[in-house]
Amino acid sequence: MKKQNMNRDWIATARTLSEALPYLQRYTGATVVIKFGGHAMGDAEQMASFARDIVLMNQVGVHPVVVHGGGPMINDLLKKLEIKSEFVKGKRVTDEATMEVVEMVLSGLVNKRIVQAINNQGGRAVGISGKDANMMVCDPVDPALGLVGQPVEVSPELIHQMHAHKIIPVVAPLGAGRDGETFNVNGDTAAGAIAAALKADRLLLLTDVEGVKDSSGAVVTQLSPDQVRELTDSGVIAGGMIPKTETALEAIAGGVRAVVILDGRAPNACLLELFTDHGAGSLIRVPFEEKPRKM
Ligand SMILES: Nc1ncnc2c1ncn2[C@@H]1O[C@H](COP(=O)(O)OP(=O)(O)O)[C@@H](O)[C@H]1O
Ligand SMILES: CC(=O)N[C@@H](CCC(=O)OP(=O)(O)O)C(=O)O
C-alpha cells in the first residue's frame with residue numbers, strides 16, 4: 001500500500017473513533033441483549049470477530065447479555081444419531097430423546113464455544129441456561145410440540161448479579177418447567193423474554209440476512225410495529241423472519257426500547273449498529289418525534 005493511502009486509512013480510523021464518542025456516551029451503562037443465531041455463527045474467524053465486539057462493548061461500559069441459538073448444530077447431531085426432527089411454525093417438535101440432544105448441544109457444545117471465544121478475547125464470560133437459578137420458567141407451548149416451552153416468568157436477578165461482578169452472561173435457550181421438566185425454547189423467543197425482563201435498551205437479533213426486506217427486496221432501515229404487522233399480513237415477512245419480528249413486537253410491548261434485526265455474518269455488525277453513524281439492519285421501535293434513523 002502507498003504511504004499516502006495508508007495515511008488516509010489511519011485518518012479514517014481516527015475519525016470513526018472520534019465519531020463514536022456520542023454513541024459510547026449514550027450506551028454507557030446500557031443493557032444490550034444480543035441473540036446470536038446458529039446461522040449467524042459461521043466459522044472460527046466469525047466467532048472470534050463476534051466475541052471481540054462483545055468484549056469491546058463490555059469494555060466501554062455496556063452490559064451485554066448473549067442469548068444464543070444453535071438450530072443447525074442440533075440438526076447435525078440429530079442426523080448423526082438418526083433421530084428424525086420436524087418443525088411446526090419455526091419450532092422443533094421436541095420429544096424426550098430430542099430434548100436430551102438439544103440440551104447437550106445448546107448447553108454444552110454451542111454455549112461453551114461462545115464462552116471460550118469471548119474469554120479468548122479477554123472477556124469474562126460465564127455460560128448458563130434459562131434453567132440456572134430457575135431464571136426462565138416455562139409452560140408448554142402446545143401439546144403437539146412436546147417439550148417446547150413458552151417463557152412465562154423470567155427473573156433477571158442472576159444476570160444483574162453477573163453484571164455486578166463484571167461477568168458477561170451467555171445464555172442457552174432452555175427453560176425450567178414447574179414440574180421439573182426441561183423445555184426447549186426458540187432462541188429468538190428466549191432472547192425477547194430476557195430482554196423484556198431486563199427492560200433492555202436494545203435487543204439485537206443477529207441472523208443471516210441484512211435486515212427485514214420489503215416487497216421489492218430492499219432492506220427497511222426503520223419500522224414501526226404497525227409496519228411490521230402490515231408486512232406480515234401481506235406475506236412479505238415470512239418463514240424464519242416471523243419468530244424474529246413477533247419477538248421484536250413482544251419485546252417492545254414488554255418495555256425494550258428498540259429491537260434491531262441485522263446480519264451477524266457481516267464483520268463488526270454489533271459495533272456498527274451501536275457505535276457508528278451508519279447503524280445496520282432494521283430498527284423496530286414505536287415512532288416518536290426524533291431525527292431520522294442514523295444511516
Ligand atoms: N421479509 C423478509 N426479510 C428478510 N428475511 C426474510 C423475510 N421473510 C423471510 N425471510 C427469511 O428469514 C430468514 C431468517 O430466519 P432464520 O433462517 O430462521 O434465521 P436464524 O437461523 O438466524 O434464526 C432469512 O434468511 C430469510 O430467508
Ligand atoms: C423450540 C425450538 O425450535 N428451539 C430451537 C432452539 C435453538 C434455536 O432457536 O436456534 P437458532 O436460533 O439457531 O434457530 C431448536 O430446537 O432448534
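Counting starts at 1 for both ligands and their atoms, following the listed order.
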**Asked** Going through the checks in order, is the side-chain contact (heavy atoms from CB on, under 4.5 Å) test met by Leu204 and Cys270?
**Response** CA-CA 8 Å; Leu204 308 183; Cys270 296; 4.1 Å; yes
**Asked** Looking only at distance, does Gly38 have an N or O less than 3.5 Å from an N or O of ligand 1?
**Response** no
**Protein contact to atom 18 (O) of ligand 1 [nearest heavy atom, distance to 0.1 Å]** = Gly240 CA, 3.4 Å
**Message:** Among Leu231, Ile242, Asp208, Asn186, which one puts a heavy atom closest to atom 13 (C) of ligand 1?
**Reply:** Asp208
**Prompt:** Quick one: does atom 27 (O) of ligand 1 have a protein heavy atom under 4.0 Å from it?
**Reply:** no
**Contacts of type side chain to side chain donor-acceptor pair (under 3.5 Å), residue Thr98, not counting sequence neighbours** = Asp95
**Request:** Number the atoms of ligand 1 from 1 as they appear, then name those within less than 4.0 Å of a heavy atom of Thr207, with their elements.
**Result:** 14 (C), 19 (O), 20 (P), 22 (O)
**Asked** Where do Thr247 and Leu203 land on the side-chain contact (heavy atoms from CB on, under 4.5 Å) test, with the steps shown first?
**Response** CA-CA 10 Å; Thr247 293; Leu203 166 62; 4.2 Å; yes
**Prompt:** Between Glu86 and Arg92, is there a salt bridge with N-O shorter than 4.0 Å?
**Reply:** no
**Request:** Around atom 6 (C) of ligand 1, find the nearest protein heavy atom and jot down its residue, atom name and distance.
**Result:** Met241 CB, 3.6 Å
**Request:** Could you list all the salt bridge (Lys or Arg N to Asp or Glu O under 4.0 Å) pairs where at least one residue sits in residues 32-46, not counting sequence neighbours?
**Result:** Lys35-Asp188
**Message:** So that I can tick it off, tell me whether Arg178 and Asp139 are bridged by a salt bridge, with the cut-off set at under 4.0 angstrom between side-chain N and carboxylate O.
**Reply:** yes
**Complete:** Between the CE atom in Met136 and the CG atom in Leu158, the distance rounded to the nearest 0.5 Å is 12.0 Å
**Asked** For ligand 2, what is the set of protein residues having any non-hydrogen atom at a distance below 4.0 Å?
**Response** Lys35, Gly37, Gly38, Gly69, Gly70, Gly71, Pro72, Ile74, Gly90, Lys91, Arg92, Val148, Asn184, Val185, Asn186, Gly187
**Option nearest atom 17 (O) of ligand 1 (shortest heavy-atom distance, choices His39, Lys213, Lys35)** = His39
**Fill in**
min-distance protein heavy atom vs atom 23 (O) of ligand 1 -> Lys244 NZ, 2.6 Å
**Prompt:** Between Val212 and ligand 1, is there a nitrogen or oxygen pair with a distance under 3.5 Å?
**Reply:** no
**Item:** Heavy-atom nearest neighbour of atom 4 (C) of ligand 1 within options Gly211, Ala238, Gly187
**Value:** Gly211
**Asked** Which atoms of ligand 1 are found less than 4.0 Å from any heavy atom of Val236?
**Response** 1 (N), 2 (C), 7 (C), 8 (N)
Exercise answer: donor-acceptor pairs, residues 49-72 side-chain atoms, under 3.5 Å, sequence neighbours excluded:
unit_1: Asp53; atom_1: OD1; unit_2: Asn268; atom_2: ND2; d: 2.9
unit_1: Asn58; atom_1: ND2; unit_2: Val62; atom_2: O; d: 3.2
unit_1: His68; atom_1: NE2; unit_2: Asn111; atom_2: ND2; d: 3.1

**Message:** To the nearest 0.5 Å, what is the distance between CE on Met99 and CE on Met104?
**Reply:** 10.5 Å
**Prompt:** Where is the tightest heavy-atom contact between Cys138 and Gly149, given as atom of each residue plus distance?
**Reply:** CB-CA, 4.0 Å
**Prompt:** Would you say the side-chain atoms of Asp226 and Ser224 include a donor-acceptor pair closer than 3.5 Å?
**Reply:** no
